[in-house]
Number of protein chains: 2
Amino acid sequence: MRLSTKGRYAVTAMLDLALHGEKGPVTLADISENQGISLSYLEQLFASLRSKGLVRGVRGPGGGYYLGREMDEITIANIICAVDEWVEFTRCQGKGNCRGGQRCLTHSLWDELSEQIYNFLEGITLGDLVKRGDILDVVKSQRQDKEGMRVVI
Amino acid sequence: MRLSTKGRYAVTAMLDLALHGEKGPVTLADISENQGISLSYLEQLFASLRSKGLVRGVRGPGGGYYLGREMDEITIANIICAVDEWVEFTRCQGKGNCRGGQRCLTHSLWDELSEQIYNFLEGITLGDLVKRGDILDVVKSQRQDKEGMRVVI
DNA sequence: ATAATTGTTGACTAAAATACTAGGTTATCT
DNA sequence: AGATAACCTAGTATTTTAGTCAACAATTAT
């Protein structure tokens, strides 16, 4: 699996969309300015996101991007998989070259860990993050202690 | 944060160490052959792991590497952080260029997600994976149903 | 109708990270 | 002494990242 700044950009941009998409489509130019990501790079990322149905583009003046689905139906795993290839090349490809099953064991262990991470990211939606952002704001304004600010899933 | 094949290599190699370290030190040549990772590349990775105290090298004939601590005291986050820089460059650096706090909001949301992933990886130790590997083997030999094979943290 | 706006697509590029190679030095065991 | 294996340094090919540039298509406002 991969999880680099590319996926981070995509998640951040999608968050921007979720936060400002209520009042009409959001232009890539806005996101570019808000998040400090190059416009053309965003276009590339959104081409991937669009092909997976995660966003919906509206052309012409006043156009921009909407979320492709409800924010509660879009998981972080969805977004990262759309822009960041989810490679699975460590599993021995049935060549039978695993001596004593040792190689198979470590590989299956890693695969299990990889699956755990995937399930974790699959369990968080954009909606969750936005809701938690609100909570964080409320908590912050109430000046609670730091322990109270740590929101657990 | 980063989580690419580099960290995957490191985790896999450390798993190898945890699985075979009982009967003496494990050589990088063995790991290289078992896991199909280039020897010199492993040396680079282990230089990082060693500097963080995650492994302990023994020179000379019959030498190799031991785990630096008990496998229950080594988390996946430890390993990935040792070889894969844990960058934190999205947070606005106090330049006050966040208009209306919107940029700050998405950034803090991402930071929160990033922290969740970190905590998740921090909660899994090498020992956990090895134990689960045993469990998996037992379960597999008992031919239980597939649901029983999915181990949850 | 026409101009402005915005998405869509493709080709191309500089910089960085990745994965690997080559060659050496040092400690330790037999 | 000689073999072994960690340890160290430098270099390099490939891939990925992050970005630019340019042309084009669809839609809206004037």
Side-chain angles (χ1 to χ4, degrees), chain A residues 1-13 17 20-21 24-33 35-68 80 82-87 89-90, chain B residues 1-13 16-17 20-21 24-68 80 82-87 89-90:
Chain A
M1 104 167 236
R2 305 192 74 87
L3 206 162
S4 57
T5 47
K6 198 175 181 182
R8 186 198 197 102
Y9 275 5
V11 172
T12 307
L17 228 61
H20 308 123
V26 181
T27 71
L28 291 189
D30 282 348
I31 299 178
S32 169
E33 199 177 359
Q35 308 298 337
I37 309 172
S38 119
L39 177 59
S40 300
Y41 196 45
L42 276 176
E43 285 172 351
Q44 285 177 36
L45 296 181
F46 272 71
S48 302
L49 295 172
R50 205 178 69 90
S51 73
K52 305 277 181 177
L54 296 178
V55 296
R56 186 166 46 88
V58 178
R59 292 184 168 192
Y65 280 97
Y66 285 109
L67 290 181
I80 289 176
V83 299
D84 247 343
E85 223 65 28
W86 196 280
V87 272
F89 68 96
T90 317
Chain B
M1 100 170 240
R2 304 194 75 88
L3 205 161
S4 58
T5 46
K6 198 175 182 181
R8 185 199 198 102
Y9 275 4
V11 172
T12 307
D16 209 297
L17 229 60
H20 307 124
V26 181
T27 70
L28 291 190
D30 283 346
I31 299 179
S32 170
E33 199 177 358
N34 277 338
Q35 307 298 337
I37 309 172
S38 119
L39 178 59
S40 299
Y41 195 45
L42 276 176
E43 284 173 349
Q44 287 175 35
L45 296 181
F46 272 71
S48 302
L49 295 172
R50 205 177 66 90
S51 74
K52 304 278 181 176
L54 295 179
V55 296
R56 185 165 48 88
V58 179
R59 292 187 168 192
Y65 280 99
Y66 285 109
L67 290 181
I80 290 175
V83 299
D84 246 343
E85 223 65 31
W86 197 281
V87 271
F89 68 97
T90 317

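Residue numbers start from 1 in every chain, and the chains themselves are labelled A, B, ... in the order their sequence lines are given, proteins ahead of strands. Just the heavy atoms: all of them, side chains too, but no hydrogens, waters or symmetry mates, feed the values below.
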Please tell me which of the listed nucleotides, D/dC7, C/dA22, D/dT17, lies nearest to the side chain of A/Tyr41? D/dT17
Measure from the side chain of A/Arg59, starting at C-beta and using heavy atoms only, and say which of C/dA11, D/dA26, C/dT21 lies closest. D/dA26
Any idea which of D/dC8, D/dT17, D/dT20 is nearest the B/Arg50 side chain? D/dC8
Checking D/dT28, D/dT17, D/dA25 against the side chain of A/Thr5 (C-beta onward), the nearest is D/dT17
Phosphate oxygens OP1/OP2 of C/dA17: is one of them under 4.0 Å from a side-chain N or O of A/Ser4? no
pair A/Tyr9-A/Lys6: side-chain heavy atoms closer than 4.5 Å: no
Round to the nearest Å and state the distance from A/Arg56 atom CZ to C/dT8 atom P. 11 Å
Atom CG of A/Asp30 and atom C1' of C/dT5 are separated, to the nearest Å, by 13 Å
Closest to side chain of A/Tyr65, choosing from C/dG7, D/dA6, D/dT17: C/dG7
Closest approach to the side chain of A/Ser40, judged atom by atom: which nucleotide of C/dT21, D/dT20, C/dT18 is it? D/dT20
Donor-acceptor pair under 3.5 Å: do we get one between A/Glu43's side chain and the base of C/dG7? no
Where the side chain of B/Ile37 is defined as all heavy atoms beyond and including C-beta, which of D/dA26, D/dA18, C/dC20 is the nearest nucleotide? C/dC20
So which nucleotide from C/dG7, C/dT9, C/dT5 ends up closest to the side chain of A/Leu28? C/dG7
Have a look at B/Thr27 and say if it touches a base, only the backbone sugar-phosphate, or nothing, with a 4.0 Å heavy-atom cut-off. sugar-phosphate
